[in-house]
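Only one structure is covered here, and it is reproduced in the block below.
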Amino acid sequence: MDNKIMISLNGIDKIYRTKEVETQALENVNLNVKKGEFLSIMGPSGCGKSTLLNIIGLLDLPSAGTVEIDGTQTKGMSDRQLAAFRNKMIGFVFQSFHLINSLNVIDNVEVPLLYRKISSKERTRLATEVLEKVGLSHRLHHMPSELSGGQCQRVAIARAIIGDPEIILADEPTGNLDSKMGGEVMDILHRLNKEENRTIVMVTHNEAQAKQTSRVVRFFDGRQIV
Amino acid sequence: MRKYIKQIWVHLSHDPLVSSITIIGTALALFLIMLVVMIEQVKYEPFSPESNRDRFMHARFMSVTNAKWGDGSSNGPMSIETAKALYKSLKTPEAVTLYANDNPAVASVAGGTTFVADILQTDADFWKVFDFDFINGAPYGKADFDAGIKEAVIIKSLALRLFGTPDVAGREFMINYTAYKVAGVVKDVSTLASKAYSQIWIPYTCTDVEKNTWSRCGGSFSTTILARRHDDFPKIREEYGKLLALYNKKIGESGWKILSRNRPYIQEKEAFTFSANHEVNMKAKHRDRYIILIILLLVPAINLSSMTQSRLQHRNAEIGVRRSFGCTRREILIDIINENLIITLIAGALGLIMSIAFAYWGTDILFAQPFSNSLSSPTIDTSILLHASTFIYAIVFCFILNLLCSYIPAWRASKTSIINALGGMNH
């Protein structure tokens, strides 16, 4: 971990509005994450953890405040700029894997590279390489429905890192896995953090897993309490 | 492309019923549209023996008025004098043929059965303007035509009925109980080749059709002009204008005047001309055609659009994932439209095959006009139905139908927020 700030959130508010109700999901969140840091976000359900992760990942826009990633101000970016920025800088690991059922393992992993000017041959080479890294080189042409939950999550991690992003955002990556498989997934994430110095922000309910990370921040009712 | 096809296959096999309805619905839409296109195309696309339709100009009728008639006019085929003065004298075209339709003739050989057959009386240039496929013998030439020798060109099926063989050049048979010699035998001609069609062709100089006149300029003759090039049409019209002025000056002495009605007509305009005293409005015809095609495209497109929407709802989460990893809204839109295009093209090919098959088996329903005088059904083959433009039309309609039925669902899918899209994930 070095001292360079990779993610900087300043005064983030998120308010969901309907005709009748206004719900404040996040209130004045200020958070800095250093390059190479492995940060856990904890808190009860509905406290705004996933909303915060979505805002960091540029999947959602804050109602107020700014998000800076690797020194770049993201406010005012167009859809195209945001897409390019996500593609280059951020890899996502979702609780429910979010693999594309109609694609096999290697094609799923290649998805982020489809939006870069990379040849099909090179995409396949890189996908094979990252699948080897997560221990799935023997499952390249299997369909997601033919894999266990742990294997699906490892495919999802391979997909998250194939584009060599600085940041990995993981939303309860072990939430749908048993403890053994969850442990394997956490091992991979720790390896990516330690060996490749990737910045990881993980939402989790698991205290034990959170304790193994560099820092834990806790949320309650949309506010950061620790 | 491989990925598109792979994905489409997986998505289609996910819900076979909806997928089948989508493909069949699209195919039926294209089938109907292509039938309309084919019905139109046979009227103006080239096929033997009217392979030069793009260089044809026609004057089936003339319109004549008299100073005593006020606004009245007499309309119909031309007298031989008028046809020669206005058309046969043209120097710009490659060839000009005059021909006269007649009532069906009775054809027979001595001691044999009689057959009713369509007959057309022509000049020798007829064989230059139209490209018949001679199986045996040759057309009658100018010398025989000028001499009024009783010769005939007949179609193969008539030769077979009369003689039992198509190799009958030089043999005699009877037309309306008058002896004629077979000059040549040609492959059967479809009634859809409305100018060249007949079953027997004879020189008009061997009948008294030239004597048939009415209203000074009316008679039995029509003409087809073969321009050297498509671009020659204005020059031909200009020359025709001069001939018309000269002729009107001549007949004007006795109060007669030929009304131009912008004749001669190009193939397409001629195909839509049904009456002698009315010039067809091609702009209105084109507008009507576009309206019909738009309706034929819109009605299925609305239904197919809702099916596309339904299929896309199953893919919301996939769209969310793609966007999370760097896909833009525009790329989502294009991907969905492209995927749908492949389905539409497959269904379009199916629709085109269905329309061709229907055109073969439903000839009497589709091509009821033009009738032959002997009420022969039109014969159809691939050279008549399939042209480069047929495939271009099919592809263009596939593109349009695809855009109509996929654009709005694709646009809506691309506008869904990533978070909402991811929320639709089932896996």
Side-chain angles (χ1 to χ4, degrees), chain A residues 14 16 25 50-51 53-55 57-61 78-104 106-116 120 123 143-145 147 149 152 155-156 159-163 165 169 171 176, chain B residues 1-16 18-19 22 308 310-336 338-340 342-343 410-427:
Chain A
K14 181 68 184 176
Y16 293 106
S50 294
T51 302
L53 205 69
N54 291 337
I55 286 171
L58 311 177
L59 302 179
D60 203 358
L61 294 174
S78 67
D79 175 64
R80 209 170 124 190
Q81 288 168 321
L82 284 171
F85 202 80
R86 276 195 299 268
N87 182 260
K88 187 180 157 211
M89 295 295 295
I90 305 166
F92 296 91
V93 179
F94 303 102
Q95 179 181 0
S96 47
F97 326 134
H98 284 359
L99 299 182
I100 299 172
N101 291 328
S102 56
L103 300 180
N104 65 19
I106 196 159
D107 288 342
N108 259 291
V109 174
E110 283 181 25
V111 164
L113 302 186
L114 294 176
Y115 311 107
R116 295 183 186 184
S120 164
R123 284 202 304 265
M143 299 305 283
S145 57
L147 304 179
C152 280
V155 175
R159 179 179 63 187
I161 61 172
I162 192 170
L169 302 179
D171 191 356
N176 280 3
Chain B
M1 179 56 86
R2 189 177 60 86
K3 280 206 177 94
Y4 275 133
I5 292 171
K6 209 158 95 181
Q7 282 221 72
I8 288 163
W9 177 248
V10 172
H11 291 307
L12 287 179
S13 35
H14 178 72
D15 194 342
V18 173
S19 306
T22 304
T308 310
S310 154
R311 279 192 294 123
L312 281 180
Q313 272 169 358
H314 295 292
R315 297 179 61 188
N316 256 349
E318 176 194 330
I319 291 163
V321 170
R322 288 184 183 278
R323 293 204 53 210
S324 304
F325 285 99
C327 184
T328 62
R329 287 193 172 113
R330 192 165 170 271
E331 283 165 330
I332 289 286
L333 184 82
I334 291 169
D335 279 356
I336 294 169
N338 283 348
E339 280 181 26
N340 210 62
I342 293 172
I343 297 173
W411 180 80
R412 288 181 66 176
S414 73
K415 289 288 171 194
T416 308
S417 80
I418 302 175
I419 306 300
N420 288 343
L422 284 170
M425 194 66 166
N426 296 321
H427 184 72

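Below, chain A is the first sequence line, B the second, and so on; all start at residue 1. The model shown is predicted, which means the values in this text are computed figures rather than measured ones.
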**Request:** Could you go through the side-chain contact (heavy atoms from CB on, under 4.5 Å) check for A/Leu99 and B/Val321 one step at a time?
**Result:** CA-CA 8 Å; A/Leu99 299 182; B/Val321 170; over 6 Å; no
Starting at [atom1] of [X], measure out to [atom2] of [Y] and round the result to the nearest 0.5 Å.
X        : Y        : atom1 : atom2 : value
B/Phe325 : A/Arg86  : CZ    : CZ    : 10.5 Å
A/Phe92  : B/Ile418 : CZ    : CD1   : 7.5 Å
A/Arg80  : B/Arg329 : CZ    : CZ    : 14.0 Å

**Message:** I'd like to check the side chain to side chain contact (heavy atoms under 4.5 Å, CB included) partners of A/Asp60; sequence neighbours left out, ordered by chain and number.
**Reply:** A/Lys14, A/Tyr16, A/Asn54, A/Ile55, B/Ile419
**Message:** Taking side chain to side chain contact (heavy atoms under 4.5 Å, CB included) as the definition, give me every residue that meets it alongside A/Asn87, ordered by chain and number, with sequence neighbours left out.
**Reply:** A/Pro112, A/Tyr115, A/Arg116
**Prompt:** Is there side-chain contact between B/Ser324 and A/Leu59, with at least one heavy-atom pair below 4.5 Å?
**Reply:** yes
**Prompt:** Pick from A/Leu58, A/Asp79, A/Leu113: which one has the most heavy-atom pairs with chain B under 4.5 Å?
**Reply:** A/Asp79
**Complete:** Cut-off 4.5 Å, heavy atoms of chain A, and the answer for B/Ser417 is neither
**Item:** Donor-acceptor under 3.5 Å (B/Arg322 side chain, A/Val111 main chain)
**Value:** no
**Asked** chain B heavy atoms under 4.5 Å from A/Phe94: which part of the residue, side chain, backbone, both or neither?
**Response**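 Side chain only.
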